[in-house]
2 protein chains.
Amino acid sequence: MAARWLDEDEARLWRAYRVLSGELQRAMERQLERDAGLSGADYAVLAPLSEAEGGVLRMRELGRAVGWDRSRLSHQVRRMQNRGLVAREECAEDARGFMVRLTDSGREAVEGAAPEHVETVRRYSFDLLSDRERATLTRVFERLGARLAQDAKEHL
Amino acid sequence: MAARWLDEDEARLWRAYRVLSGELQRAMERQLERDAGLSGADYAVLAPLSEAEGGVLRMRELGRAVGWDRSRLSHQVRRMQNRGLVAREECAEDARGFMVRLTDSGREAVEGAAPEHVETVRRYSFDLLSDRERATLTRVFERLGARLAQDAKEHL
DNA sequence: CCAGCTATGTTGACATATCATCAAAGCAAG
DNA sequence: CTTGCTTTGATGATATGTCAACATAGCTGG
């Protein structure tokens with residue numbers, strides 16, 4: 001492994017990225033917790049449910065939507081069920097499956113949280129980007145994401 | 001709160017960012033674990049130590065370098081001490097403080113991990129970026145980071 | 001049909017992160 | 001000097017994430 005080290009500019013970008021990525025995530029989670037009493041994980045689960053037909057998704061689909069493994073999702077949903085944010089029902093078509101349904105309280109929570117959440121996204125990203133920059137970021141993020149997805153597919 | 005919702009392009013960018021950010025972090029952690037038996041948190045602590053004068057830093061400085069709160073760092077360093085990656089010494093100038101020192105085994109671990117780590121960074125970022133894109137990303141990430149830092153300062 | 005193989009989801013043990021609290025040392029104003 | 005505020009760090013309880021079994025249902029080829 002020839003050590004192609006990072007030059008000064010590269011190190012600066014990589015550092016800026018890591019700091020931004022961490023701080024942004026923390027800022028978003030603080031905002032959700034403060035304004036709606038939801039963790040980032042809660043919101044990640046509630047958002048796809050609120051957009052789904054009837055507020056119901058199968059565990060499998062929900063897992064795809066949030067991008068987690070089965071175990072993490074199972075634990076998270078159980079905790080959210082205990083707090084009354086979601087309910088679980090058996091799956092008609094496939095006896096292995098379980099459906100997750102948004103409760104009234106859960107819907108109230110997401111819908112209350114969403115506007116402030118979106119405002120915060122804007123405040124820390126779109127409000128600070130030109131149109132050109134926005135286009136560049138989209139292109140770059142999707143390109144990098146594609147390589148990660150490709151590697152993930154190959155390696156397992 | 002007027003709901004300035006995200007339009008299609010904005011939603012696409014935000015989603016691409018979240019997916020990338022998560023996948024990239026997981027990919028980097030998998031690589032470190034596989035090639036060097038280190039977690040991302042381990043590496044985050046070891047890297048600044050390996051660059052510090054004599055491989056020693058005060059807890060406070062180390063905390064600044066990694067950007068964690070005191071509690072998290074304290075727990076992490078204790079675990080790393082148990083595994084022999086770092087050692088702790090009292091602080092001469094300030095009796096409250098503690099110094100964290102890289103052990104031989106710790107230095108071996110970082111230095112073994114670093115080349116593969118850097119290669120992985122390249123593979124998932126710099127190898128896929130043009131010079132123009134790199135410059136744009138640096139500018140944008142630092143601008144966004146600055147607003148986050150400013151808000152953090154005001155809000156506490 | 002049924003023998004394996006895959007897909008779905010749960011569980012318990014463990015690792016890690018966060019939160020509130022505590023303690024001790026430094027420091028600054030009087 | 002000493003009283004009170006700040007800084008630094010550790011700790012224990014709790015929340016969350018990860019990992020390795022496990023269980024059950026569906027699917028597929030003989």
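Proteins get letters first, then strands, A, B, ... in listed order; numbering begins at 1 in each. Please read these numbers as outputs of a predicted model, since none were measured by experiment. In what follows, every heavy atom counts, from backbone to side chain, and hydrogens, waters and symmetry copies are set aside.
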B:Arg132 backbone acceptor or donor facing B:Thr136 side chain under 3.5 Å: yes

From B:Leu85 atom CG to B:Ser105 atom OG, the distance as rounded to the nearest 0.5 Å: 5.0 Å

Bounded by its outermost nucleotides with an atom under 4.0 Å from a heavy atom of chain A, the footprint on DNA chain C reads C:dA7 to C:dG12

Counterpart residues, side-chain hydrogen bond (donor to acceptor under 3.5 Å, both in side chains), relative to B:Asp94 (two or more places apart): B:Arg58, B:Arg96

Starting from the 5' end of DNA chain C, give me the residue, B:Arg72 or A:Ser74, whose nearest nucleotide shows up first. A:Ser74

Residues from residues 44-66 of chain A sitting under 4.0 Å of DNA chain D, heavy atoms only? none

Would you kindly compare A:Arg70 and A:Asp42 by the position of their nearest DNA chain D nucleotide and give the one closer to the 5′ end? A:Asp42

Roughly how far, to the nearest 0.5 Å, is the OH atom of A:Tyr17 from the OG atom of B:Ser21? 4.0 Å

Less than 4.5 Å apart, side chain to side chain, heavy atoms only: is that true for B:Val140 and B:Leu144? yes

Going by heavy atoms in the side chains, are A:Leu46 and A:Met80 under 4.5 Å from each other? yes

Roughly how many Å is it from CD in B:Glu29 to P in D:dT18, rounded to a whole number? 8 Å

No-H, no-angle donor-acceptor pair, B:His75 side chain to D:dG9 base, under 3.5 Å: no

Give a yes or no on whether the backbone of A:Phe126 and the side-chain of A:Arg134 come within a donor-acceptor separation of less than 3.5 Å. no

When you measure from the side chain of B:Glu33 to the backbone of B:Arg30, do you find a donor-acceptor pair of N or O atoms at a distance under 3.5 Å? no

Selection residues 31-65 of chain B - residue pairs positive for ring-ring contact (aromatic ring centres under 6.0 Å, His included), sequence neighbours left out: B:Tyr43-B:His117

Take atom CD of A:Glu33 and atom P of D:dA15, then tell me their distance rounded to the nearest Å. 12 Å

Can you tell me how far C1' of D:dT16 sits from CE of A:Met80, to the nearest Å? 14 Å

Sorted by chain and residue number, the salt bridge (charged side-chain N to carboxylate O under 4.0 Å, His left out) partners of B:Arg79 (sequence neighbours excluded) come out as none

Answer yes or no: does a side-chain N or O of A:Gln76 lie under 4.0 Å from OP1 or OP2 of D:dT16? no

Go through residues 85-102 of chain A and report each residue with a non-hydrogen atom lying under 4.0 Å from DNA chain D, sorted by number. A:Asp94, A:Ala95, A:Arg96

Any side-chain heavy atom of A:Phe141 sitting closer than 4.5 Å to one from B:Val19? no

